[in-house]
Amino acid sequence: MTDRLGENTRALRLPVSPAPVGDPLRTPVHRSTTYAFATSQEYADVLNGTAAGYSYARIDNPTTDAFAHAVAAMEGAGLDHEVRGQAFASGMAAISTALLALTAAGSHVVAARSIYGNTYSLLDGLFRRFGVETDFVDITDLDAVRAALRPETRVVFAETLSNPTMTVSDIPQLARIAHEVGALLVVDSTFASPAVCRPLEHGADLVVHSATKYIGGHSDATGGVVVGRPELMAEVRSARVDLGPCLAADEAFLLLRGLETLPLRVARQCATAAEFAAAVAEHPAVERVDHPSLPAHPGHALAGKLFDQGRYGAVVTITPRGGREAGMAFADRLRVATIAASLGGTHTIVGHVGSTTHRQMSDEAIRAAGIGPAAVRFSIGLEDPQDLIADVLAALDGV
Ligand SMILES: *Cc1c(COP(=O)(O)O)cnc(C)c1O
């Protein structure tokens, strides 16, 4: 029969795999957007969720699912109840979908004033247009958080560690405060990663990540992930399927590979960051150094309670004396660290805060946010600590 088919039909009938493949050690990249069924009933059962299986790549993909499950296993490590994960095309796709799933016109959100710039503009712009109001507060001021709550508050949104001063959120207290009014605590844990802190273990309802940063860890894949209890994740999944920001299988493959070395990378990056911060903390050319490993950091004690032993994150902000120009010139003198956007990768990356992530703010506004105009943020990578320290000390000599 097959022999009599035309050449075009035959070209399309090549077997998926000419021999049984066995179990590959590494999760394969499943590029197929669609799946063949033996019967219409099987197809209907998969679509209805009454049988396990895959139908269409925007809905579910095996590589992407493997990645989401792996992150959920890490975030839920210390829990005695089940959690699920959903993967997204980017961190912002994860955040926007999670927030859309939890709110409706008339809902109210309380968010940290220091949150990631695009999360701020999402809530302050698009969400307001659709009738979701957000109050931005100093998230370390628990009375201010409590005072901002309303009967319509659905979500309290915080970050485990926030940019660029590495402010530590009191996740257990925020969860308690949110739950008192029936709101949910959503935590962006991108700067920490599950190798430093697992917010669900401290009472958060959903944890969101830009997997582009520490989870992927190699600056070569963009993605996001949301993890939480199955009931909440069913809502998040439904919103994701309707909105369509699915993670591509190729990206999921890279993120999964990154995840394998996350604890090793992050342990080393955190240790180097602490050594690096201590080496410059007392330097005469430095106005301040922000890293929770330093006993003078306001989040030091809280980080000691909430974070894994000896891990305080791997972002260090150094503020040399002087204004914006002094900060930019300091960054330009670095030879080991590279000026670039993003964080969490194997390379040490730096950015002058006042001309990049906080460029819309005046010097006064930057000072009011607790940052100096000369501040330079370091995302510590995997270079040898002594090389990074020699580099920063040489650059500080020019201040
Ligand atoms: C980068 C980042 C995001 C956004 O992630 P993308 O993958 O770039 O969409 C959100 N939150 C924090 C804290 C980030 O650092």
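What's counted below: heavy atoms across the whole structure, side chains too, no hydrogens, waters or symmetry copies. Counting starts at 1 for both ligands and their atoms, in listed order. Residue numbers start at 1 and run along the sequence shown.
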Under the side chain to side chain contact (heavy atoms under 4.5 Å, CB included) test, residues paired with Ser355 that sit two or more places apart: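 With sequence neighbours excluded, Ser355 shows a side chain to side chain contact (heavy atoms under 4.5 Å, CB included) to Met328, His352, given in chain and number order.
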As an exercise, state the distance from CD1 of Ile215 to CG of Leu254, rounded to the nearest 0.5 Å.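 Between atom CD1 of Ile215 and atom CG of Leu254 there are 14.0 Å.
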Quick check on the 6.0 Å ring-centre criterion: do His209 and Tyr214 meet it?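 Aromatic pair excluded; centres sit 6.0 Å or further apart.
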Kindly indicate, with the supporting measurements, whether the criterion ring pair (Phe, Tyr, Trp, His ring centres under 6.0 Å) is fulfilled by His300 and Tyr312. CA-CA 8 Å; His300 178 71; Tyr312 291 94; 5.5 Å; yes
Heavy-atom contacts with ligand 1 below 4.0 Å: which residues, ordered by chain and residue number?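 Protein residues near ligand 1 are Ser90, Gly91, Met92, Ile95, Tyr116, Glu159, Asp188, Thr190, Phe191, Ser210, Thr212, Lys213, Gly223, Leu343.
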Salt bridge check: are Glu7 and Arg10 linked by an N-O gap of less than 4.0 Å?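 Looking at Arg10 together with Glu7, the answer is no, because their closest N to O distance does not fall below 4.0 Å.
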Please confirm whether the backbone N or O of Cys246 pairs with a side-chain atom of Arg240, one donor and one acceptor, at under 3.5 Å?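 Checked: no pair found.
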